[in-house]
Amino acid sequence: MQPSAGAATLDIVMKNAQQTLPERFAWHRTPAGYDLRLDDVTIAEVRPLNTGLVLRMLVHGGDMAPFEMVVRCEERAIGWATQWTRQRASMLCRFVDRQRARVSGDTNAMDAVPLAVAV
């Protein structure tokens, strides 16, 4: 993503998002965009799409299904995904922990698919 005049605003939004996210969740800037992670599991991503951006929620489990939506700006995407995550934080943590426990008990853990992430 190209730096913009709103870069300072984005830094403030990212800082506020980090402060409002529960423990174990964090936004990470990547060469491709932004990832929201629960421990080491990416649960959302913000990526460029044509001339705009797309927010993809990658979690699949329980009542949660992967989806994506077009957003106007990074700040809105980060804010929306942060709020969505806060509302489901306990459920997300339990789900990922259960998935992790199943994989660690599996003798074929090397063949396991990534935890709670849609492909």
Side-chain angles (χ1 to χ4, degrees):
M1 291 188 202
Q2 298 176 0
S4 66
T9 303
L10 184 58
D11 290 341
I12 292 168
V13 170
M14 287 287 290
K15 183 176 179 181
N16 290 341
Q18 295 291 22
Q19 292 172 352
T20 60
L21 281 169
E23 190 175 329
R24 296 178 60 187
F25 294 88
W27 280 101
H28 297 273
R29 190 182 309 239
T30 69
Y34 294 90
D35 291 346
L36 176 58
R37 296 182 190 149
L38 165 54
D39 298 332
D40 58 342
V41 177
T42 302
I43 62 171
E45 61 185 24
V46 178
R47 299 289 186 266
L49 178 68
N50 299 327
T51 60
L53 297 165
V54 63
L55 167 63
R56 291 186 181 103
M57 301 305 292
L58 306 173
V59 178
H60 184 94
D63 292 336
M64 297 175 289
F67 65 93
E68 61 184 45
M69 61 191 209
V70 176
V71 292
R72 279 189 253 178
C73 63
E74 294 159 334
E75 293 92 345
R76 286 185 185 262
I78 290 166
W80 194 95
T82 297
Q83 182 65 25
W84 185 92
T85 300
R86 288 182 63 215
Q87 293 170 349
R88 295 159 181 82
S90 296
M91 183 173 32
L92 289 164
C93 289
R94 282 192 307 271
F95 182 75
V96 168
D97 290 344
R98 276 191 227 123
Q99 290 286 324
R100 190 170 280 137
R102 280 189 214 130
V103 170
S104 68
D106 184 1
T107 58
N108 296 321
M110 295 294 283
D111 298 327
V113 295
L115 302 175
V117 176
V119 289

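Note that the coordinates shown come from a computational prediction; the quantities given were computed from them, not determined experimentally.
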Just verifying a value: how many Å separate Leu36 CG and Ile78 CD1, rounded to the nearest 0.5 Å? 9.5 Å
Output for pair (His60 NE2, Ile43 CD1), nearest 0.5 Å, gives 15.0 Å
Looking at every non-hydrogen atom in both residues, tell me the closest pair between [X] and [Y] and how far apart they are.
X: Ala32; Y: Arg47; result: O-CD, 3.2 Å
X: Pro22; Y: Ala89; result: CG-CB, 3.5 Å
X: Ala77; Y: Leu55; result: O-CD2, 3.9 Å

Non-hydrogen side-chain atoms of [X] and [Y] separated by less than 4.5 Å:
X: Trp80; Y: Val71; value: no
X: Arg88; Y: Phe95; value: no
X: Asp39; Y: Arg100; value: yes
X: Met91; Y: Val59; value: no

Arg76: what forms a side-chain contact (heavy atoms from CB on, under 4.5 Å) with it, not counting sequence neighbours? Arg72, Cys73
Residue list, side-chain contact (heavy atoms from CB on, under 4.5 Å) with Arg37, at least two apart or on another chain: His28, Thr30, Asp35, Thr42
Does Val54 belong to the same Ile/Leu/Val/Met/Phe/Trp/Tyr cluster as Trp84, with side-chain heavy atoms less than 4.5 Å apart forming each link?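 No; Trp84 is not reachable from Val54 via cluster members.
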Between Phe67 and Val46, is there shared hydrophobic-cluster membership here, with clusters defined by ILVMFWY side-chain heavy atoms closer than 4.5 Å?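 Yes, it is one cluster - the side chains of Phe67 and Val46 are joined through contacts under 4.5 Å.
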Start with the C-alpha distance between Arg24 and Leu92, add both sets of side-chain angles, then the distance that settles side-chain contact (heavy atoms from CB on, under 4.5 Å), and finish with yes or no. CA-CA 11 Å; Arg24 296 178 60 187; Leu92 289 164; over 6 Å; no
With sequence neighbours left out, what residues match Arg29 under side-chain hydrogen bond (donor to acceptor under 3.5 Å, both in side chains)?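 Once residues adjacent in sequence are excluded, the partners of Arg29 under the side-chain hydrogen bond (donor to acceptor under 3.5 Å, both in side chains) criterion are Asp11, Tyr34.
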For the CD atom on Gln87, are there more than 12 heavy atoms of other groups (residues, nucleotides or ligands in this structure) within a distance under 6.0 Å? yes
